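Shown next, in structure tokens, is the structure this report addresses.
Ligands are counted one by one from 1 in listed order, and the atoms in each one are counted from 1 as well. Note that this is a predicted model, so its numbers are computed, not measured.
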Amino acid sequence: MTPDKYIKNYIDGALVPAASGAYLDNYCPATGKVYSQLPDSDEQDVQRAVDAAERAFPEWSKAEPGKRFRILMRIADIIEQNMEEFARAETTDSGKPLAMSMSVDIPRAQANFRFFATAIVQFGSESHHMAGEAVNYTLRQPLGVVGCISPWNLPLYLFTWKIAPALATGNCVVAKPSELTPMTAYLLSKACIEAGLPSGVLNIVHGLGNKAGQAIVEHPVVKAISFTGGTATGKKIVATAGPMFKKLSLELGGKNPNIIFADCNFDAMIVDTLRSSFSNNGQICLCGSRIYVERPLYEKFRDELVKRTQFLKVGDPFSAVTDLGALVSLQHLEKVESYLSLAEVEGGSILCGGTRVEMKGEYETGYYLRPAVIEGLPLECRTNQEEIFGPVVTITPFDTEEEAIALANGTVYGLSATLWTQDISRANRVAEQLQAGIVWVNCWMVRDLRTPFGGVKNSGIGREGGNEALRFFTEPKNVCMKYG
Ligand code: NDP
């Protein structure tokens with residue numbers, strides 16, 4: 001299962017170039033060099049993919065769940081058997097440390113297939129009994145052809161998080177990974193062929209969001225869109241798909257708060273706060289980017305966080321000692337840097353980091369930035385309101401529980417929040433009031449795939465995970481039978 005220089009679309013069971021024959025450059029963020037090419041697909045390719053999915057749907061949707069289970073489990077096994085190739089491809093494409101690809105991204109991609117393979121053989125539907133009169137039962141039927149569109153930060157992890165439940169429930173899929181990180185999706189197409197997934201059940205179309213992605217969203221046969229990405233793109237998708245009455249699951253941006261009370265377990269908190277700030281270079285939608293600390297603990301916290309941040313090793317993502325690899329693209333690096341300049345204009349002090357790392361040899365032209373901690377910024381400033389999605393956090397003291405909640409809730413986003421306290425009553429009280437789809441208490445990124453996953457406010461619509469995903473990808477139909 002090796003990466004190829006020329007990535008192909010996966011349509012109707014075959015690996016094919018874009019109909020136009022055009023390709024786009026694929027960059028390796030660690031070196032800043034083009035290392036492969038991906039199809040620059042357009043609406044012709046999406047049309048072919050939709051046609052293939054439509055043809056495959058009658059058989060796949062009626063296949064007994066046990067058959068879908070076996071094929072999805074086989075795909076997971078093939079990913080596992082080729083773990084290192086997948087992980088190397090993920091790191092080459094995204095710049096993230098190989099250790100992270102090996103321990104998080106690729107294991108989670110396998111887990112997504114296994115989780116939804118097993119979930120579908122146990123998935124039931126409801127019945128409602130009207131005593132002495134009638135019985136209602138609910139059929140849960142697949143939607144048809146659905147679109148799955150994912151971002152670059154956790155490429156195969158998020159791609160399969162959508163594809164696996166869509167396939168398990170009997171839908172046929174047209175999917176597009178980010179143009180910045182297409183390689184593991186390409187390897188996935190090879191795994192699907194090897195696993196014997198019937199032709200047309202999954203189709204992967206590579207290319208640009210505003211061309212191939214948009215063509216999926218606006219195609220009239222595509223019944224639902226499951227999308228993870230930025231809020232601005234989410235808005236565009238709603239504008240197109242809303243008037244077409246498509247089912248939408250939108251997992252969008254965040255500006256997540258960490259609230260740290262003085263009574264927390266400091267040692268556990270500081271370790272997890274460093275992780276929640278800078279894992280994957282802060283390029284995880286769940287990273288905590290605004291850190292609020294109860295005043296008596298503030299100075300101790302600030303000094304320790306800065307010390308530990310300065311200690312993080314930024315560099316070659318293939319090295320075992322690297323904590324932070326390269327950012328995903330030059331454009332993204334420049335975007336993050338522009339927020340660092342803005343933070344200073346807005347009156348913030350950069351306590352550490354925020355400068356490029358001078359690398360040697362082949363890595364000289366890669367996209368490396370030292371992680372930054374900023375203090376002294378008010379809630380209302382753009383640095384604290386807009387998603388930066390890089391290795392940048394702001395820290396701010398607070399005095400009361402009410403103030404902490406108001407600060408945490410003071411943006412248009414509402415994806416996740418993290419709370420550190422030993423006081424169980426306060427933990428429950430604050431968790432209840434936080435405007436977020438996910439609240440972690442005394443931990444971060446502890447994930448149980450059965451739980452609802454998603455955001456409130458501008459962080460999205462709908463939930464993924466567990467039964468939520470199975471429900472999203474099925475249409476409930478109530479059948480009411482009156483007694484004779
Ligand atoms: P984008 O919104 O730019 O892109 C996401 C995907 O959508 C890509 O495949 C992109 O293609 C595609 N796309 C772009 N425009 C369109 C369009 N008009 N129609 C259909 N598809 C389109 O996000 P990023 O890739 O930059 O990812 C980072 C964002 O994702 C952050 O905001 C982050 O918070 C969010 N995110 C949210 C998560 C959540 O669970 N809530 C999890 C992870 C990330 P292309 O790459 O070619 O532009």
Side-chain angles (χ1 to χ4, degrees), residues 24-27 38-43 46 93-94 96 104-105 108 147-159 161-163 174-182 185 204-219 222 225-242 246 248-256 279-289 327-329 331-333 335-336 386-390 411-416 436-438 445 447 451-465 468-469:
L24 299 163
D25 290 337
N26 187 23
Y27 287 80
L38 68 142
D40 182 7
S41 308
D42 59 24
E43 62 285 348
V46 169
D93 246 5
S94 66
K96 70 178 62 192
V104 178
D105 292 72
R108 175 58 189 277
C148 296
I149 300 175
S150 58
W152 47 260
N153 64 321
L154 295 165
L156 194 64
Y157 174 133
L158 291 174
F159 199 51
W161 182 230
K162 302 176 174 310
I163 288 172
V174 178
K176 193 195 89 64
S178 170
E179 144 232 350
L180 297 175
T181 51
I204 300 176
V205 179
H206 294 273
L208 298 168
N210 55 17
K211 196 152 95 179
Q214 182 70 23
I216 296 172
V217 174
E218 65 193 23
H219 198 292
V222 175
I225 299 291
S226 174
F227 170 80
T228 298
T231 296
T233 314
K235 227 181 221 177
K236 234 177 138 181
I237 289 176
V238 172
T240 306
K246 296 189 183 201
L248 289 177
S249 164
L250 302 175
E251 302 295 337
L252 309 176
K255 189 74 182 173
N256 308 313
S279 286
N280 203 29
N281 256 322
Q283 302 168 134
I284 300 180
C285 53
L286 304 165
C287 278
S289 53
L327 273 77
V328 74
S329 67
Q331 194 193 15
H332 190 57
L333 171 64
K335 176 191 152 186
V336 175
E386 297 176 13
E387 185 182 41
I388 301 174
F389 215 54
T411 74
V412 296
Y413 294 107
L415 187 52
S416 70
I438 302 149
M445 268 296 254
R447 291 281 295 118
T451 58
F453 180 90
V456 301
K457 293 156 72 179
N458 291 13
S459 290
I461 300 173
R463 293 290 179 276
E464 297 186 297
E468 301 283 343

Counting N and O atoms only, with roles assigned by atom type, does the side chain of [X] sit under 3.5 Å from a partner on the main chain of [Y], one being a donor and the other an acceptor?
| X | Y | result |
| --- | --- | --- |
| K255 | E387 | no |
| E464 | A469 | no |
| T228 | S150 | no |
| H332 | F389 | yes |
| K457 | T411 | yes |
| N280 | L154 | no |
| K246 | I225 | no |

Using non-hydrogen atoms of the residue, decide whether [X] is closer than 4.0 angstrom to ligand 1.
| X | result |
| --- | --- |
| G207 | yes |
| S150 | yes |
| G234 | no |

Which of the numbered atoms in ligand 1 are below 4.0 angstrom from a heavy atom of [X]?
| X | result |
| --- | --- |
| L415 | 41 (N) |
| N153 | 43 (C), 44 (C) |
| C285 | 34 (O), 36 (N), 37 (C), 38 (C), 39 (C), 40 (O), 42 (C), 43 (C), 44 (C) |
| L158 | 42 (C), 43 (C) |
| K176 | 9 (O), 10 (C), 11 (O), 45 (P), 47 (O) |
| W152 | 24 (P), 25 (O), 26 (O), 27 (O) |
| G213 | 19 (N), 20 (C), 21 (N) |
| P177 | 9 (O) |

Going by distance only, is there an N or O of [X] that falls short of 3.5 Å from an N or O of ligand 1?
| X | value |
| --- | --- |
| S178 | yes |
| V217 | no |
| Q214 | yes |
| F453 | no |
| T228 | no |

At what distance is the nearest protein heavy atom to [atom], and which residue and atom is it?
| atom | answer |
| --- | --- |
| atom 28 (C) of ligand 1 | F389 CE2, 3.6 Å |
| atom 15 (N) of ligand 1 | T233 CG2, 3.3 Å |
| atom 23 (O) of ligand 1 | G230 N, 3.3 Å |
| atom 35 (C) of ligand 1 | G229 O, 3.2 Å |
| atom 31 (C) of ligand 1 | E387 OE1, 3.4 Å |
| atom 27 (O) of ligand 1 | P151 CB, 3.2 Å |

Tell me, do [X] and [Y] make a side-chain contact under 4.5 Å, heavy atoms counted?
| X | Y | value |
| --- | --- | --- |
| I438 | F453 | yes |
| N281 | V328 | no |
| K96 | P155 | yes |
| H206 | P177 | yes |

Should one rank [options] by closest heavy-atom distance to [atom], which comes out on top?
| atom | options | result |
| --- | --- | --- |
| atom 16 (C) of ligand 1 | A212, G209, G254, C287 | G209 |
| atom 41 (N) of ligand 1 | N280, I149, L252 | L252 |
| atom 7 (O) of ligand 1 | F159, F227, Y157 | F227 |

Classify the contact between I216 and ligand 1 as side chain, backbone, both or neither, using a heavy-atom distance cut-off of under 4.0 Å.
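Neither; no heavy atom under 4.0 Å.
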Interatomic spacing from SG in C285 to CG in N256 - rounded to 0.5 Å:
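Result: 7.5 Å between the selected atoms.
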Return the set of residues passing ring-ring contact (aromatic ring centres under 6.0 Å, His included) with F159 (not counting sequence neighbours), or none when no residue passes.
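ring-ring contact (aromatic ring centres under 6.0 Å, His included) list for F159, sorted by chain: empty.
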Only distances under 3.5 Å count here; give the side-chain donor-acceptor pairs of residues 229-240 to other protein atoms, sequence neighbours excluded, each with its distance to 0.1 Å.
{"residue": "T231", "atom": "OG1", "partner": "G253", "partner atom": "N", "Å": "3.2"}
{"residue": "T231", "atom": "OG1", "partner": "N458", "partner atom": "O", "Å": "3.0"}
{"residue": "T240", "atom": "OG1", "partner": "Q214", "partner atom": "NE2", "Å": "3.2"}
{"residue": "T240", "atom": "OG1", "partner": "K236", "partner atom": "O", "Å": "3.1"}

Which atom names give the shortest non-hydrogen contact between G213 and I149, and what distance separates them?
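In terms of heavy atoms, the two residues are closest at O-CD1, 3.9 Å.
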